[in-house]
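In what follows, a structure is listed as C-alpha cells, so that the remarks can point back to it.
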Amino acid sequence: MPDDLLKGIDRSWAAADPAALVPGHAARQAELEGLDPALAGLYARGAGVLAGAPDAAALHERTVALLGRERGVVTRALAGLPELPLEERKRRGRGLNLLKRWLEELERAKRAELERAAESREVLDVTLPGRRPWVGRAHVLAQVRDELLDLFHGLGYSVYTSPEVESEEYNFARLNFAPDHPARDAQDTYFVAPGVVLRTHTSPGWVRAMEERRPPLRLVFPGRVYRAEQVDASHMDQFHQLDGLCVDRDVSLADLKSTLNTFARSIYGAGVRTRLVPVYFPFVEPGAQLDVACAICDGSGRARSAAGEGRCPVCKGSGWSELLGAGMVHPNVLRAVGYDPEEVTGFAFGMGLERIAMARHGIPEIRLFLENDVRFLNQF
Ligand SMILES: [Zn+2]
C-alpha cells in the first residue's frame, strides 16, 4: 500500500530537510519507524517535499496532494483502513493520525517561512533603483517676494494687501495723477467698468493704509498689477510689484537712501554700487530711481565678447541698470488722506519682482514666469 500511496506525490518535486522547520522531526521519524515502517517512508517523502516547496503556489499544490480531503494521500490511506485486520488497522490508524498532524504542522511552518521571506524581499531589495520623491517648491517669483518680505520685516515693515480691482480714484486721483495723465488712458490701463480699473501699481495700497491708520507707518505692499502693454520679451500685461512706505515725523531722503542701500546690498552683495537719479512720478516729490552698477560690465558700459570689446549688451553701454523707483511722498498724497505734511513726512519705493528675478538669475524672457513650464520652474 505505501508504494501505491507514494504515487500521489510527484516524483519530480524537490525535497529538503524538514529538520530546520520542525525541531522534533528526527524523533517523529523514529517514532513512526517503530510503529509502522511503511508509514515512516511516506512521512519522510511527504515532509521532504513540503519543506522543499520553492514558493506558496508549490506548497499549496503539494499540501493538496498529501492532505486534500478528497484525493489526498492521507485521506485515501484512511479510507483503506476498514479492509485491514483489526490489529493492523489500529496500528496504522494511529500512525496515520500522527502523520497527518505532523504534516499539517510542517505545512504551517513552511508557509510562515515563505511569507517571512517574501516580506523581507519587499522591504530590503537593495538592487531596485531608488524612486526620488517628487518635491514641489515655491515659484521663483514667490521666492524673491518672500526673501524681500523677510528683509523688510527685519527693518520693521509689515505687509499690507489691497484689491487688484481698484477704483480709478484710488489708483490715480489720490496718488496725485492729473486728470489728463496718459496712464489714465485705456491704451495703458485695463478698465473693467467706468471708474474701475485693474490696478496699474500696488501704490493704491498706500492710500488705503494711510486712511485706515495714523503714523508712524512702515508697510510693504506686495501684489500683482496690470498694464495694457504689448507683450514682448521684457513686457507682460501683468506682473508683480513690491511697494514700500514709511511715514513718520522727520523722515528724510537720507532715511530713504539708507533703506534702499540696505535692500540693494541684500540683493546684490555688500560691494554693490548704487546711485539715485532724479525721475518724475506724480505721487512723490522729489522722485528718484535707484540704479545699481551693471553686474556684467561693472559700471564701465563696455564688455568683451567673441567679437572683441564693445558696448555692454545688458546695460546698453550706460554702466547702470535701473532697480526701482522711489521718492518722498508728495504732500498732496498726504493731504488727501488727512495727514498734515507739516507734521509728518514719508518716503516710498516700488520695484518689479520680475525685473529683480531676471537680473539675479539671468532670465532673458519675462513670459517664462507665467508659462508654468516645469523645465523652467525646476531650475530655481
Ligand atoms: Zn553693463
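Whatever order the structure lists them in is the order used to number ligands and atoms, beginning at 1. Every value quoted in this text rests on a predicted model; they were computed, and no experiment measured them.
Contacts of Tyr190 classified as side chain to side chain contact (heavy atoms under 4.5 Å, CB included), with partners at least two apart in sequence or in another chain: Leu198, Tyr226, Ala228, Asp237. Under the rule for a side chain to side chain contact (heavy atoms under 4.5 Å, CB included), the partners of His60 that lie at least two apart in sequence or sit in another chain are Val64. The side chain to side chain contact (heavy atoms under 4.5 Å, CB included) test applied to Glu211 returns Tyr170, Arg174, Val207, Val337, not counting sequence neighbours.
A salt bridge links Arg367 to Glu365: at least one charged side-chain nitrogen sits closer than 4.0 Å to a carboxylate oxygen.
Side-chain atoms of Asp150 and His153 include no donor-acceptor pair closer than 3.5 Å.
Among protein atoms, those of element N, O or S found less than 2.8 Å away from the Zn ion (ligand 1) are Cys294 SG, Cys297 SG, Cys312 SG, Cys315 SG.
Using cut-offs of 30° and 60° for the angle between ring planes, the Phe281 and Phe283 rings count as parallel.
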